[in-house]
Amino acid sequence: MKSENELVTADPAVEAELDRLSTMPIAKLRKRYLELFRNEPPKAFGPDLLRRSIAHKVQEKAYGGIPASLKRLLDQMVRAAAAKPNGRLDLPQRIKPGSELVRTWKGKTYRVTVTGDSFAYQGKVFASLSEIACAITGTRWNGPRFFGLRPDSRREAADGQ
């Protein structure tokens, strides 16, 4: 598996196979799908979806698949979506330790440093951004929203900016 910064050189054999897919008849596409996936293609798959599936698998085998960490995230999202089929799916925010969150509130700039599993603000350690947002504003806030990590569908009219 290649790192995200590593340049991948195209494999001529892979490129040739991808080129052949565009003119391959559906019977040969179904056969190639069976070879790659070791399963019959779904009956609903037409030529276009067969070509896309085959192209993806060929490239995945040649250049590597998605990282395990991304697979775990996708699995987590599927479970969350299954638990709330019509609900909003929030993606987990991952902020690296050492990152600094900056927010201007009522003309004053506030800086928060992300630590491993907490946040540092004015020499104190806080368990959540909401605690810090409350300390800054004097009222209860959703901390990630206050620091711009989550969108707010309704613009807060009195956000102090």
Side-chain angles (χ1 to χ4, degrees), residues 1-15 17-18 21 33 36-39 41-42 45 48-161:
M1 191 171 318
K2 306 285 186 203
S3 73
E4 67 183 61
N5 294 330
E6 191 175 338
L7 186 60
V8 177
T9 306
D11 180 344
V14 171
E15 296 301 312
E17 181 165 6
L18 295 178
L21 288 175
Y33 184 100
L36 287 169
F37 290 89
R38 295 190 174 129
N39 241 333
F45 276 28
D48 183 56
L49 199 46
L50 285 168
R51 285 184 183 101
R52 290 171 188 255
S53 300
I54 292 166
H56 180 268
K57 191 66 158 183
V58 166
Q59 291 174 83
E60 182 181 61
K61 286 177 81 171
Y63 305 122
I66 62 173
S69 59
L70 183 55
K71 286 181 183 179
R72 284 191 300 275
L73 176 60
L74 291 171
D75 288 341
Q76 178 185 352
M77 291 172 59
V78 167
R79 285 191 302 277
K84 299 188 306 181
N86 296 323
R88 183 174 153 206
L89 185 62
D90 289 324
L91 296 177
Q93 285 286 337
R94 292 200 170 95
I95 309 167
K96 292 182 180 180
S99 297
E100 188 175 59
L101 305 175
V102 180
R103 173 64 150 93
T104 301
W105 173 259
K106 293 190 176 181
K108 185 175 176 191
T109 301
Y110 299 89
R111 297 178 186 282
V112 173
T113 302
V114 179
T115 60
D117 57 355
S118 58
F119 304 90
Y121 168 65
Q122 290 188 334
K124 297 178 187 168
V125 176
F126 293 82
S128 73
L129 288 173
S130 296
E131 291 177 31
I132 298 170
C134 183
I136 291 170
T137 66
T139 60
R140 291 182 59 186
W141 274 80
N142 176 300
R145 184 169 289 144
F146 180 80
F147 285 97
L149 300 174
R150 247 187 230 152
D152 187 5
S153 56
R154 52 182 213 290
R155 298 287 293 173
E156 275 108 13
D159 73 352
Q161 284 191 349

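Just so we're clear, the structure is a prediction, and the values are computed from it rather than from any experiment.
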After noting the C-alpha distance and the side-chain angles of L129 and W141, does the key distance pass the side chain to side chain contact (heavy atoms under 4.5 Å, CB included) rule? CA-CA 9 Å; L129 288 173; W141 274 80; over 6 Å; no
Qualifying salt bridge (Lys or Arg N to Asp or Glu O under 4.0 Å) pairs with a residue from residues 116-139, counting only residues at least two apart or across chains: none
Would you call F119 and V114 a side-chain contact if the rule is heavy atoms closer than 4.5 Å? yes
Supply the atom-to-atom distance L36 CG to H56 NE2, rounded to the nearest 0.5 angstrom. 12.0 Å
Can you tell me how far the OH atom of Y33 sits from the CD1 atom of I54, to the nearest 0.5 Å? 8.5 Å
Give, for atom OG1 of T113 and atom CG of L101, the distance between the pair rounded to the nearest 0.5 Å. 8.0 Å
Counting N and O atoms only, with roles assigned by atom type, does the side chain of S53 sit under 3.5 Å from a partner on the main chain of L49, one being a donor and the other an acceptor? yes
So does K96 get a backbone contact from the side chain of S99, meaning a donor-acceptor N/O pair under 3.5 Å? yes
Output the distance between atom CG (D48) and atom CG (L21), rounded to the nearest 0.5 Å. 11.0 Å
Using the salt bridge (charged side-chain N to carboxylate O under 4.0 Å, His left out) criterion, which residues pair with K57? Sequence neighbours excluded. E60
Looking only at side chains, do S130 and S128 share a donor and an acceptor under 3.5 Å apart? no
Mind telling me whether Y121 and F126 have parallel, tilted or perpendicular rings, with 30° and 60° as the class edges? tilted
Find the distance between CD1 (I132) and CZ (F147) and round it off to the nearest 0.5 Å. 5.5 Å
Looking at residues at least two apart in the chain, or sitting in another chain, which of them share a side chain to side chain contact (heavy atoms under 4.5 Å, CB included) with V14? D11, L18, V58, Q59, A62, Y63
If we only count heavy atoms from C-beta on, is the L50 to P41 side-chain gap below 4.5 Å? yes
Show your reasoning for whether side chain to side chain contact (heavy atoms under 4.5 Å, CB included) applies to L73 and Q76. CA-CA 5 Å; L73 176 60; Q76 178 185 352; 4.0 Å; yes
Evaluate side chain to side chain contact (heavy atoms under 4.5 Å, CB included) for Y110 paired with T104, printing each intermediate quantity in order. CA-CA 6 Å; Y110 299 89; T104 301; over 6 Å; no
Salt-bridge contact D75-R79 (side-chain N to carboxylate O under 4.0 Å): no
